[in-house]
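Atoms within a ligand are numbered from 1 in the order they appear, just like the ligands themselves.
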Amino acid sequence: MSMNINQLFAVIQARRSAPPEESYTARLTAAGEDEILKKVGEEAVEVILAAKGQGQTRLVEELADLTYHTLVLLAARGLTPQDVEAELARRHAG
Ligand SMILES: N=c1c2ncn([C@@H]3O[C@H](COP(=O)(O)OP(=O)(O)OP(=O)(O)O)[C@@H](O)[C@H]3O)c2ncn1[C@@H]1O[C@H](COP(=O)(O)O)[C@@H](O)[C@H]1O
């Protein structure tokens, strides 16, 4: 089964309003933006720790955690992955 960033973002959007006991995304969204930011910070630190000696598999796992939490933050702010893509395109053109 494949899952790219846009597909995951669509699932996150759909799960934001699900019952919190059934969905981590709904639980984190209900906890508020500060909790989301806390998770982004924790996962960023875990990426660094993984890169500094825990191996490629662990690094990929932690990057996936960070990616997921970054997408939850985008959704909470009313943004989308396309907003980030547009900024990357602007830089590339510039
Ligand atoms: N990709 C992810 C994903 N990555 C990480 N996580 C969750 O992020 C949390 C990571 O935090 P920790 O490692 O600190 O573990 P924790 O102690 O359980 O976390 P906290 O209670 O402290 O927040 C774990 O609970 C993971 O399950 C994710 N939760 C959901 N998804 C995907 O999001 C979609 C919607 O999922 P639900 O919202 O659960 O339906 C599905 O496609 C899921 O596969």
Do any nitrogen or oxygen atoms of E46 lie less than 3.5 angstrom from nitrogen or oxygen atoms of ligand 1? no
Test your reading of the model: is there a side-chain donor-acceptor pair from H92 to the backbone of L88, 3.5 Å cut-off? no
Among all protein non-hydrogen atoms, which one is nearest to atom 29 (N) of ligand 1, and what is the separation to 0.1 Å? Y68 CZ, 3.6 Å
Less than 4.0 angstrom from a charged side-chain N to a carboxylate O is my criterion; do E46 and R58 meet it? no
Atom pair CG (L71) and CG (L79), whose distance is rounded to the nearest 0.5 Å: 11.5 Å
Look at atom 44 (O) of ligand 1 and say whether a protein heavy atom is found at less than 4.0 angstrom from it. no
Looking at D65, which atoms of ligand 1 are within less than 4.0 Å of one of its heavy atoms? 4 (N), 5 (C)
Closest approach of P20 to A26 (non-hydrogen atoms, all atoms of both residues): CA-CB, 3.9 Å
Evaluate the 4.0 Å heavy atom contact test for atom 18 (O) of ligand 1: does a protein atom fall under the cut-off? no
Distance under 4.0 Å to a non-hydrogen atom of E43: what atoms of ligand 1 satisfy this? 10 (C), 11 (O)
In one Ile/Leu/Val/Met/Phe/Trp/Tyr side-chain cluster, 4.5 Å: V84, L37: yes
With a heavy-atom distance limit of 4.0 Å, tell me whether L8 approaches ligand 1 through its side chain, its backbone, both, or neither. side chain
At less than 4.0 angstrom from any non-hydrogen atom of K39, what atoms of ligand 1 do you find? 11 (O), 12 (P), 14 (O), 19 (O), 20 (P), 22 (O), 23 (O)
For atom 40 (O) of ligand 1, what's the nearest protein heavy-atom neighbour? Residue, atom name and distance, please. R15 NE, 2.9 Å
Considering the heavy atoms of V11, write down every atom of ligand 1 situated less than 4.0 Å from one of them. 34 (C), 35 (C), 42 (O)
Is it the side chain, the backbone, both or neither of E35 that has a heavy atom closer than 4.0 Å to ligand 1? neither
Is any side-chain heavy atom of E85 closer than 4.5 Å to one of N6? yes
What part of Y24 sits under 4.0 Å from ligand 1 if we count only heavy atoms: the side chain, the backbone, both or neither? both
In the structure I gave you, are the side-chain heavy atoms of I36 and H69 within less than 4.5 Å of one another anywhere? no
Heavy-atom pair with the smallest gap, counting every atom of A75 and I12: CB-CG2, 4.1 Å
Under 4.0 Å from one or more heavy atoms of H69, ligand 1 contributes atoms 8 (O), 10 (C)
Are L73 and Y24 connected in a single hydrophobic cluster, I mean Ile/Leu/Val/Met/Phe/Trp/Tyr linked by side-chain heavy atoms less than 4.5 Å apart? yes
Within a distance under 4.0 Å of any heavy atom of T25, pick out the atoms of ligand 1 and give their elements. 35 (C), 36 (O), 37 (P), 38 (O)
Between E62 and I48, does the side-chain contact (heavy atoms from CB on, under 4.5 Å) criterion hold? Intermediate values first, please. CA-CA 9 Å; E62 295 303 345; I48 294 166; over 6 Å; no
Is atom 26 (C) of ligand 1 less than 4.0 angstrom from some protein heavy atom? no
Side-chain heavy atoms of T57 within contact of E61, under 4.5 Å: yes
Starting from atom 37 (P) of ligand 1, what is the nearest protein heavy atom, named by residue and atom, and what distance separates them? S23 OG, 3.5 Å
Protein heavy-atom contact under 4.0 Å for atom 33 (O) of ligand 1? yes
For atom 9 (C) of ligand 1, state whether the nearest protein heavy atom is under 4.0 Å away. yes
re atom 21 (O) of ligand 1, the protein heavy-atom contact at minimum distance is R27 NH1, 3.9 Å
Does the side chain of V11 reach to within under 4.5 Å of the side chain of M3, using non-hydrogen atoms? yes
